[in-house]
Amino acid sequence: MKRETMQKEYDPEYVESKWQRIWEEKQLFRVEEDPTKKKYYLLEMFPYPSGNIHMGHVRNYAIGDVVARYKRMQGYNVLHPMGWDAFGMPAENAAIAHNVHPAKWTYQNIDVMRSQLKRLGFSYDWDRELATCKPEYYRWEQWLFVKMFEKGMAYRKKSFVNWCENCQTVLANEQVEAGLCWRCSQVVVQKELDQWFLRITDYADDLLEYCDRIPGWPEKVVTMQKNWIGKSVGAEIHFPLENRDGHIPVFTTRQDTVFGATFMCMAPEHPLVARLAAGTEQEAEVQGFIERMKRQDTAKRTSDDYEKEGVFVGAHCINPFTKQRMPIFTANFALMEYGTGAVMAVPAHDQRDFEFARKYGLEIIVVIQPKGEALDPESMTEAYIDEGILVRSGPFDGLENVKAFDAIADYLEEKKTGKRTVSFRLRDWGISRQRYWGAPIPVVYCKKCGVVPVPEENLPVMLPEDAGMLEGGRSPLPELEGFVKTSCPACGHPDARRETDTMDTFVESSWYFERYCSPGHDKGMFDKKAVGYWMPVDQYIGGIEHAILHLLYSRYFTRVLRDFGLVTYKEPFTRLLTQGMVCKETHKCPDHGFLYPEEAVVKDQSRTCKHCGSEVGVGRIEKMSKSKRNVVDPNTLIEKYGADTLRLFCLFAAPPERDLDWSDQGVEGGYRFLKRIWRLVAEHVADVQTAKPFDEEKELTGDLKRLHRKIHQTVKRVTNDIEARFHFNTAISAVMELVNTIHAVKAGILSTPEGASVLRLALETVIVLLSPIVPHLTEELWEALGNSGSVLETSWPTYREEAIAEDEILIVVQVNGKVRSRLNIAADADEEAIKTAALADDRAVARIAGRPVKKVIVVQKKLVNIVV
RNA sequence: GCGAGGGUGGCGAAAUUGGCAAACGCACUGGACUUAGGAUCCAGCUCCCGCUUAGGGAUUGGGGGUUCAAAUCCCCCCUCUCGCACCA
């Protein structure tokens, strides 16, 4: 296979397979802990093995690979692993559709996708590959679950949960998007079930507080997490029931308005609602309302035209401050999941309560007066929610409301009729899934002992592989006698049942980054020493769609592991980069919907549908997706242009955090650039074969001096663009400029010994700087120049400021802020000299036109502004 | 409604600290080489005015401000994308 001389034309297929083979033979990407070297853990979000690598993966992993290779060339010991988020529903759906076991489908996909990733030349340490569906992985997750159960951090509770009829399973709050299932967009309904929860709310405060201590995260993600956690500081107030024992606890952030509370609103699901209505003449109406609300789906409840409505439950409670009777309503806007499920309604100072009061003719009492204004409940058109002075508030009259927050809270605590409290929007994480293809929850239900965790020595609870898939997506586990029937691990009673729910797949992805540190470890979740060396992840890269879900769960899990003494840090990901989506224009036919580009026949200026001849609209640029038929297949492109071109385009077309608009012509342009470099080296390889890279000892002149300067400038720019900003697009531009500069050097000069030496430095610089981006091409060229070993093993080039310095500098001459002239001036010219030169400039003089010069501003090495 | 991030040529974009707006690339136009070019090389390429030469003017979503100087800083508005949304 070895070619003796360099081919004239760039052949990506040959070059890429050759170097991929060499890398593998030399095991170039293997890493181990090495205390003598600084570590760098670079991680990209691992893929779900859906079948094929798509362009979003290519972009994500191309970005990561540049950083991994760059850091390695900087001398870091780089951990760059890859694996599979392998449990999940698509496997079950495919199993039902194609009658193949989810495991088989998953492992086949993994094989295909692994070879695709290898074909792209990413520098992964494949020895660390893991798949979360393997028992040796989920075994430790079950182990942690048991530990959490023992500490009360995992618990079982009957509650209303989000249910997707299509997926036949429960969804976490984080998995409901605008009332729809995040996966299939089916409307989510509420269903009451016994479910396992993880007590993430115990860490709500800590998770929130640390949001401000992860400076390496994009602000956007941090705010999204803060909003999701949604902390509200306020008070709980107890409203005694009239004519019976007990009280209704209420959460409020506006305890300063409590004297204006004139009625009570409770969530329809609130257990007290039906009890209070029982036996009253309201009972039937209240029951009807509760039933109606239960049937209403979340999507409807959150729509814009959703009207506030409620029903009087036939009972009253007492405002503990005013002793006034307050009618109790059940209302659709009161949410059982938030606060206590009951709201004290203060219509004068809350817009929602105001509307409700107006609708049902309820009393409105103003208790906060704005300064210099008197509010009249009769004429108010909206609630007054701003600051003011308390009125009609007994002992608190005259107090500024901002001060009343504390005063009233103190009073509550003193009288024991309430207390200061904090409410979070964040709910505990429901992890039970009524699905087959997931990690079994390691619990047994015993007639005698109740809920019994599976002891460590019996782990893992293996997911039975002999399950047949059921129609409609129902889990086969509850019907698998061999799995369900077991004996109690505690008392040995033979009549015990296994839990048949599996864990949410987000549990697996909440600790895989630790597992990578010691993937084969069989004495625990991970080897503490390995984790101590590698963790935390220095740079994490992935899509913004995980801003809450995966990233919040991972932060939570890290805290749990820390409390078990397994890790020493709190935050798993020091820096986070959320890359943009890969987008492309869509084609839409009025009759046939979205079309593939080849189904839109180009005729003259317009396009017509291949099937019906209707005019095809070129739709907006949207995220690539199969359903929109605007995807580009990486395989096809690799075949045509090679992996390097594909990587280059993904990095060049846009900075990583921004969306990338796909352009076939842009890919072509990238290919052209690589061919251009190839020819450049091929053309000069004989000249520079024996030359040494220019070693800086001699003073250069003319084109060579310019080229030499450009080399150093390029090293500086590329290093800075990658290191500080991850702006690979400008890094590539800089190398393109260097290549253009080489081309511009007059032919004869390069064949002199001095020329050859500078040229060699130039070519090697191009090669080394591009090597993290297009690794295969650069390996081949590196070798062609007579170097041995891999480019990856060379160190990253450095630059010298003296070499960058220009002798002459272009100074812009402005008159009144407008550019009027430019002059070349010695780089070391002082301010006075620049000023004199500018004032003597012909064009400047003409513009000044004899007017007196008021002021001259000189910016060293940049410009002169003459103000007249 | 609340929060975040965008808006710069025909297109993707660049401008790191307030200091020449449009680097680099795509597309396009012209030329060279050529049997041919969808290969390659060279040149041009924001808009308007202009004796197509010289030159002048305008321009970073819109309006105002600060400054010798604003894509960049401040205020108001428009618009797009994303996230949350009856949160008591």
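Naming convention: chains lettered A, B, ... in sequence-line order (proteins, then strands); numbering from 1 in each chain. Treat the numbers as computed from the prediction; the structure is a model and nothing was measured. All values below come from the heavy atoms of this structure, side chains included, with hydrogens, waters and symmetry mates left out.
- Taking only side-chain atoms of His743(A), from C-beta outward, the nucleotide of rC26(B), rC87(B), rC42(B) with the closest atom is rC42(B).
- Within the 4.0 angstrom heavy-atom criterion, no nucleotide atom of any strand lies near Phe424(A).
- Within 4.0 Å of Leu810(A), counting heavy atoms only, lies at least one base atom of the nucleic acid.
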Indicate every side-chain donor-acceptor pair of residues 857-868 of chain A with a distance under 3.5 Å to a residue at least two apart or in another chain.
unit_1    : atom_1 : unit_2    : atom_2 : d
Asn865(A) : OD1    : Gly817(A) : N      : 3.0

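- Nucleotides rA22(B) and rG12(B) are separated by 13 Å at their C1' atoms, to the nearest Å.
- Rounded to whole Å, the C1' atom of rG38(B) lies 41 Å from the corresponding atom of rG55(B).
- Checking rG12(B), rC20(B), rC84(B) against every side-chain atom of Ala653(A), the shortest atom distance belongs to rG12(B).
- For the pair Arg717(A) and rU16(B), the criterion of a side-chain N or O lying under 4.0 Å from OP1 or OP2 is not met.
- Applying the salt bridge (charged side-chain N to carboxylate O under 4.0 Å, His left out) rule to pairs touching residues 710-730 of chain A yields Lys71(A)-Glu723(A), Lys710(A)-Glu737(A), Lys716(A)-Glu801(A), Arg717(A)-Glu737(A), Asp721(A)-Arg725(A), sequence neighbours excluded.
- Nearest nucleotide to the Asn865(A) side chain, out of rG19(B), rG25(B), rA88(B): rG19(B).
- Scanning for side-chain hydrogen bond (donor to acceptor under 3.5 Å, both in side chains) contacts around Asp212(A) gives Lys226(A), with sequence neighbours left out.
- As judged by a 4.0 angstrom heavy-atom cut-off over every strand, Arg822(A) is placed among the base-contacting residues.
- Note on Asn816(A): nothing from the nucleic acid sits closer than 4.0 angstrom, heavy atoms only.
- At a threshold of 4.0 angstrom between heavy atoms, the contacts of Pro655(A) are confined to the sugar-phosphate backbone, with no base atom among them.
- Taking only side-chain atoms of Val819(A), from C-beta outward, the nucleotide of rA88(B), rC20(B), rU16(B) with the closest atom is rC20(B).
- For rU8(B) and rU72(B), the P atoms lie 14 Å apart once the distance is rounded to whole Å.
- When the P atom is used for both rG6(B) and rA58(B), the distance is 30 Å, rounded to whole Å.
- Distances were taken from every side-chain heavy atom of Asn720(A) (C-beta onward) to each of rA15(B), rA88(B), rU16(B); the shortest belongs to rU16(B).
- In this entry the base of rG9(B) is syn relative to its sugar, with a glycosidic angle within 90° of 0.
- Between Phe506(A) and Trp429(A), the ring center distance fails the sub-6.0 Å criterion.
- Aromatic pair Phe329(A)/Phe356(A): ring centres closer than 6.0 Å.
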- Under a 4.0 Å heavy-atom criterion, the protein footprint on nucleotides 46-58 of chain B, written with B, S and -, is ---------SSSS

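- With hydrogens and angles left out, the side chain of Asn227(A) and the base of rC84(B) share no donor-acceptor pair within 3.5 Å.
- Heavy atoms of Gly669(A) sit under 4.0 angstrom from primed sugar atoms or phosphate atoms, though from no base atom.
- Sorted by first and then second residue, the pairs that involve residues 250-263 of chain A and meet salt bridge (charged side-chain N to carboxylate O under 4.0 Å, His left out), not counting sequence neighbours, are Arg254(A)-Asp256(A).
- Picking from rA88(B), rC20(B), rC41(B) the nucleotide with the shortest atom distance to the side chain of Val812(A) gives rC20(B).
- Remark: the Ser232(A) side chain and the Tyr338(A) side chain contain an N/O donor-acceptor pair separated by less than 3.5 Å.
- When distances run from any side-chain atom of Glu737(A) to the nucleotides rA13(B), rC68(B), rA23(B), the shortest one goes to rA23(B).
- At the heavy-atom level, Gln814(A) lies under 4.0 Å from base atoms of the strands shown.
- The separation of rG37(B) from rA32(B), taken at their P atoms, amounts to 12 Å, rounded to a whole angstrom.
- Regarding contacts with the backbone of rC26(B), a side-chain N or O of Arg672(A) is found under 4.0 angstrom from either OP1 or OP2.
- If you check every strand for non-hydrogen atoms under 4.0 Å, Val859(A) touches a base.
- Contact annotation for Asp350(A): no contact, since no heavy-atom pair falls under 4.0 Å across all strands.
- Distance from the side chain of Trp228(A) is smallest to rC84(B) among rC84(B), rC87(B), rA69(B).
- Secondary structure note: stems in RNA chain B built from 3 or more consecutive Watson-Crick or G-U wobble pairs under 3.5 Å occupy B:1-7 with B:78-84, B:10-12 with B:24-26, B:28-32 with B:40-44, B:46-49 with B:55-58, B:61-65 with B:73-77.
- When each of rG19(B), rA88(B), rC68(B) is scored by its nearest atom to the side-chain atoms of Phe251(A), the top-ranked nucleotide is rA88(B).
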